[in-house]
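Structure first, then comments.
Side-chain atoms are counted along with the backbone in the values below, which use heavy atoms only and exclude waters and symmetry mates. Chain A is the first sequence line, chain B the second, and so forth, proteins listed ahead of strands; every chain is numbered from 1. Predicted model only: the values in this text are computed from it and were never measured.
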Number of protein chains: 2
Amino acid sequence: MATIKQIANLAGVSRGTVDRVLNNRGLVNPETEAKIREIAALLQYTPNKIGKTLSIIKKNIKFGFIIFSSTTSNPYFEDVVTGIDAKSKELEEFGVTVEKRFSDFDNIEPQLNSIDELIAQGINGLALTPVNNPRISEKLLSLHHMGIPVVAVNSDIDHSGRIAYVGSNHTQSGETAGGLMRLMKNGHGNIGVVLGSKDIRGHYERIQGFADILEKYAPDMRIIEVQENHDDDIESFYVTKEMLAHHPEIDGLYIASAGVYGACRAVMQLGLEKKLTIISSDSVPMTVKLIRDGVIDASICQQPFTQGSKPLQILFDYIISQKKPETDIFFTDIEIKIRENL
Amino acid sequence: MATIKQIANLAGVSRGTVDRVLNNRGLVNPETEAKIREIAALLQYTPNKIGKTLSIIKKNIKFGFIIFSSTTSNPYFEDVVTGIDAKSKELEEFGVTVEKRFSDFDNIEPQLNSIDELIAQGINGLALTPVNNPRISEKLLSLHHMGIPVVAVNSDIDHSGRIAYVGSNHTQSGETAGGLMRLMKNGHGNIGVVLGSKDIRGHYERIQGFADILEKYAPDMRIIEVQENHDDDIESFYVTKEMLAHHPEIDGLYIASAGVYGACRAVMQLGLEKKLTIISSDSVPMTVKLIRDGVIDASICQQPFTQGSKPLQILFDYIISQKKPETDIFFTDIEIKIRENL
DNA sequence: TTGAAAGCGCTACCAG
DNA sequence: CTGGTAGCGCTTTCAA
């Protein structure tokens, strides 16, 4: 609870001098400095966050947030946007503004352009769902060198200098789906899996986790087939239908990413909703409806709201304190949702 | 983003006057007042929380937090304490101190005494897990009239004037257990239930919710017997053992409150851990171990950490803004935990 | 009934 | 290299 003022008084110097020492700005007489540091240590000085925040108001801090377009087939990101907007509003009274951009899932150029535009606008921090590509990493690394903090959201990216990752532990998400499937099938069953693409790291990790758990705890369960739907409902419909038609022994379905509606339509068209145990991912409105209707039994969710709000909080804290969070990985909770706790 | 200063300038008065009008303190010339209100409305003035917080530091705000004793058999509350301590530390830099007290689950006098002692200490707000009794309600009502805000935690209490409730929706918690049990038993099974006491509202609500869901969605499932263990592991052991011995047809067990360890020991002694599907409540260390060991299949949790931290935040916000939160009920999330997402 | 000023903790800037 | 001062938004006290 020591303040700069107290330290100044005790040391017989002005607050400015204490500030210079404690925040390493400008030069100070070594003796004075030593004395100040000693007193600060003695009093266990920790800067008061409110004081810092108040004095930052006039700086007009600006953040950028680039997210995968909400106009694609995956409405998941709308919930992320809700989180962004809520936190943006909260930060408004500190004079912070947030500029949102949308970019495509698998298209590098637009994302690079968005980043450049935001830099040109003079942002003080950036949060984004990065396309997993070396050119993006390099670009982010350059932001890092410019002193602009970057937070990766939903999907992490290596060699980018990002100060933190906020998102799901996809492996554990898959494991949870596997564990739950085992419980619901009582350890026996033949499982079909539908996912976006094995090339997307998060998707791959999910089926890995899923398979690992079955192998470890459910020797009598097997994964019959894994199909890709590229997060597209139409494609999802067809690949699921074909898979189920070819494998009548399948009695469990794990939909590991988007395309939930398409897959379920296939199930319904084949009249298999009673027979199949279905676990999906996330809880967009259509998924919620399908759970309510009893088609989907459970969904594994990843707190999209937090994925929108937390990154902005991390950036803001970084601006305030000028240091990275203690841990650079913020895994969102892995939530199991069924009809009763939606 | 309008500030008091701006309004004062525009109105041609001092900040003090604007403050008096906007916060209804002291008398102000009606004309001046009208003018100030008009400008404030025009600029959509909202007080800056940081400014308010900063100026509240010197007031030495003090909160009390009364919680069920952590020395009883239910270690659940230790996690609540962790939440209290974390938030206390966070509030420290605003000059806030928090005084913890422990009182017994079913003993009125000590809780009344604790409340009186805290009042004597001059607390500015109180959070507590209230014993559900009219004498407690009355006492809390008197705090309300003294202008001391009260938040009920974990268990709500009527006619007490509390400004908010933070805790689980017990009915929904029971429903979730029911829904999950149905999924894991594939709609067929005979269930035994163990709970603390039917006289405790939260416990009763849980079995109500549980039973409702079975009735609604699982016509082929039945609740065979409901036993009380008074949250005591030894008692839990005996009643569970007896129940299972008398009813060999039971193949599912719902442990709705504490006494999880005792109940599971009974199951293990009878060698029924493979046969029974077990759903418990909360995730204290022993429960976590039992889930890891595969004895318990799933547990329905109620975010104890939040139950410790959120009430203090609500009290603090109330002190800052002098008004109640928009909603007076803060349900914690109902989390389904299995081995893979513990 | 109102204005002026000090203070909460920190930062920034100017003058020396 | 250092002190002094003003300012961020709000509250409170003293004086008029």
Is there a side-chain contact between A:L118 and A:E99, using heavy atoms and a 4.5 Å cut-off?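 Result yes, sub-4.5 Å side-chain heavy-atom pair found.
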
Taking the side chain as everything from C-beta on, heavy atoms only, tell me whether B:Y318 gets closer than 4.5 Å to B:L315.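 Sidechains of B:L315 and B:Y318: no contact.
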
Short side-chain N/O contact to C:dT1 OP1/OP2 from B:T32, under 4.0 Å: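 Checking C:dT1 against B:T32, no side-chain N or O comes under 4.0 Å of OP1 or OP2.
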
Could you check whether B:Y45 gets within reach of a base, just the sugar-phosphate, or nothing at all, counting any heavy atom under 4.0 Å?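 Counting heavy atoms under 4.0 Å across all strands, the contact made by B:Y45 is with sugar-phosphate only.
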
Select one nucleotide: of [options], the one nearest the side-chain heavy atoms of [X].
X: B:S55; options: D:dT11, C:dT11, D:dG3; value: D:dT11
X: A:R15; options: D:dG7, C:dA6, D:dG3; value: D:dG7
X: A:I57; options: D:dG9, D:dT2, D:dA6; value: D:dG9
X: A:S14; options: D:dT11, D:dG4, C:dT1; value: D:dG4
X: A:V13; options: C:dG3, D:dG3, D:dT12; value: D:dG3
X: B:L54; options: D:dC1, C:dG9, D:dT12; value: C:dG9
X: B:I4; options: C:dG3, D:dT12, D:dC10; value: D:dC10
X: B:N29; options: D:dT11, D:dG9, C:dT2; value: C:dT2
X: B:T17; options: C:dC10, C:dG3, D:dC10; value: C:dG3

Nearest heavy atoms of B:I67 and B:T129, plus distance in Å: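 That would be CA-OG1, 3.4 Å.
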
Any luck finding a side-chain donor-acceptor pair between B:E109 and B:N113 under 3.5 Å?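 No, because no side-chain N or O of B:E109 sits under 3.5 Å from a partner of the opposite role on B:N113.
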
